[in-house]
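Inspection log for the structure reproduced underneath, given as structure tokens.
Please read all numbers here as calculations on a predicted model, not as lab measurements. Just so it is clear: chains get the letters A, B, ... in the order the sequence lines come, proteins before strands, and each one is counted from 1.
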Protein chains: 2
Amino acid sequence: MTLSRQSESIRILTVDDHQLLREGIAAVLESQSDMVLVAQATNGHEAVEAFRRLRPDVTLMDLRMPDMSGIEAITTIRAEFPEARIVVLTTYAGDAQAAAALKAGASGYLLKNLVRKELLETIRAVHSGKRRVPPEIATEIAEHVADDELTAREIEVLRRVAAGKSNKLIAAELDISEGTVKTHMKSILPKLAAADRTHAVTIALKRGILDL
Amino acid sequence: MTLSRQSESIRILTVDDHQLLREGIAAVLESQSDMVLVAQATNGHEAVEAFRRLRPDVTLMDLRMPDMSGIEAITTIRAEFPEARIVVLTTYAGDAQAAAALKAGASGYLLKNLVRKELLETIRAVHSGKRRVPPEIATEIAEHVADDELTAREIEVLRRVAAGKSNKLIAAELDISEGTVKTHMKSILPKLAAADRTHAVTIALKRGILDL
DNA sequence: CGGGCGCTCTCCCTTTTGGGAGATGTCACG
DNA sequence: CGTGACATCTCCCAAAAGGGAGAGCGCCCG
């Protein structure tokens, strides 16, 4: 019977640093005869390690965690196991985060305010090879696919702008001329459709391009 | 027996728009013989309504919720029932949020990454009339008690600054002179120890003075 | 009722930011 | 090997932000 259960049940790994939420997921999964929670992890490192050991069918992964972020964990896992089915389960952190998770190989992106039914439906859908992204999120991502993304250097500059640094100071820190920092700003503002540097920072925070 | 249980058990209300988290709390509480979950609410309005009806001994309340925020709910409940014991259970949103919740009458402030033990210990402590604020949060609040707080007008100005508006535009919106907006900025920057308007916005976001 | 705080306003001066228009070197990808 | 994307740099100019100092007005609290 153990054998038959194994072959029929969806084996699940949860990754979240909120113990209470993991307990909630565990309680929901317990009520399902075709699902079994095989392990829990509290950060990206543990998630990768647990995945290697157990090869769960579906992984539910938060993005914001200590030590190693969810995105890194997804990337690492998918590099080793391209068939891994990973569903992001997180508080909404902007379209850029969601897009990055999907690019890294996530099969779904759920928000923590979901109801049990959505969770269960998504686990089954993803297990059977489908992708699941709720319409609200898909819409937000779609709104920005046409946009040029910020380059790594631009993000580096914007991060310092958020810290209240002047162009001159940023130039000194990055060892480039102030003029170049200005050039980067002149590239950043239209990309984010921002009126000024302050607006650029709040937009980047909203969209998950920068963290607080 | 029902009578004796009622007189001994701590009657608990949970308020959070995350169903999964509520399930987790429910699972934890179920394992305790001296606690009983009497109701759950998903926003501030429902919380107030449920509190009036059931008069729980301890209420676990999130802050960020649709319709009515946790702070408003706490204020409303404590106005009617000054003896209400309310514990905030939320993702950390800055010292200003925490301080506001405690000012509104919360008896505790827990973070969602807590472990069961802390939750249970806090519920018992608060039920017996104690206050419980974890040291990390107490420290952060303490760091800013000496600071001047922003006035309502200053927050109004800063909110518009965050939206990328120029002093001139803000002046027009608030129907005051640009000079006055500048005067407000000159008051805001030192209060937040910010280098410029952009920094002021990120600090205000971190500290929970502004929302994204 | 007097003082303090918050909100408002003004003047002046310096520094910073943002916009426009080019130009060069490098590296990667097809 | 070319073409494009990226990062770098320069020059110019107008607009905005920031810093300092002073002052009037209303309202609430002691």
Ion pair check, A/R78 and A/E83, cut-off under 4.0 Å: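 The answer is no: the pair does not qualify as a salt bridge.
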Return no unless some side-chain N or O of B/H184 is found under 4.0 Å from OP1 or OP2 of C/dC7.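 For B/H184, the contact criterion (side-chain N or O under 4.0 Å from OP1 or OP2 of C/dC7) is not met.
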Can you tell me if the side-chain N/O atoms of A/R197 get under 4.0 Å from OP1 or OP2 in C/dT17?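 Affirmative; the distance criterion is met.
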Minimum-distance nucleotide (side-chain atoms of A/K186 versus C/dG19, C/dC7, C/dC9):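 Looking only at heavy atoms from C-beta outward on A/K186, the closest nucleotide is C/dG19.
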Between C/dG6, D/dA7, D/dT10, which nucleotide has the shortest distance from any of its atoms to the side chain of B/T151?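 Nearest nucleotide to the side chain: C/dG6.
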When the nearest nucleotide of DNA chain C is assigned to A/D196 and to B/E154 on a heavy-atom basis, which residue is associated with the more 5' position?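 Its nucleotide being nearer the 5' end, the pick is B/E154.
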For A/K165 and for A/T183, locate the closest nucleotide of DNA chain C by heavy-atom distance; then report the residue assigned to the nucleotide nearer the 5' terminus.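 Nearest nucleotide further toward 5': that of A/K165.
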Output yes when a side-chain donor or acceptor of B/D57 lies under 3.5 Å from a complementary backbone atom of B/R11, and no otherwise.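 Looks like yes, one N/O pair under 3.5 Å.
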Classify the side-chain pair B/S177/B/T180 by whether it contains a donor and acceptor separated by less than 3.5 Å.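 Yes, B/T180 and B/S177 have a side-chain donor paired with an acceptor closer than 3.5 Å.
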Can you see whether A/D17 engages A/T42 through a side-chain donor-acceptor pair at a distance of less than 3.5 angstrom?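 Checked: A/D17/A/T42 side chains show no N/O donor-acceptor pair below 3.5 Å.
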What are the residues of residues 166-182 of chain B, sorted by number, that bring a heavy atom to within less than 4.0 Å of DNA chain D?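 DNA chain D contact set from residues 166-182 of chain B: B/S166, B/N167, B/K168, B/K182.
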Applying the side chain to side chain contact (heavy atoms under 4.5 Å, CB included) criterion to A/M61, which one of A/V87, A/I71, A/I77, A/D16 satisfies it?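 Exactly one option meets the side chain to side chain contact (heavy atoms under 4.5 Å, CB included) with A/M61, and it is A/I77.
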Between A/F81 and A/F51, what is the ring plane arrangement, given parallel below 30°, perpendicular above 60°, and tilted in between?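 Rings of A/F81 and A/F51: tilted, as their planes differ by 30° to 60°.
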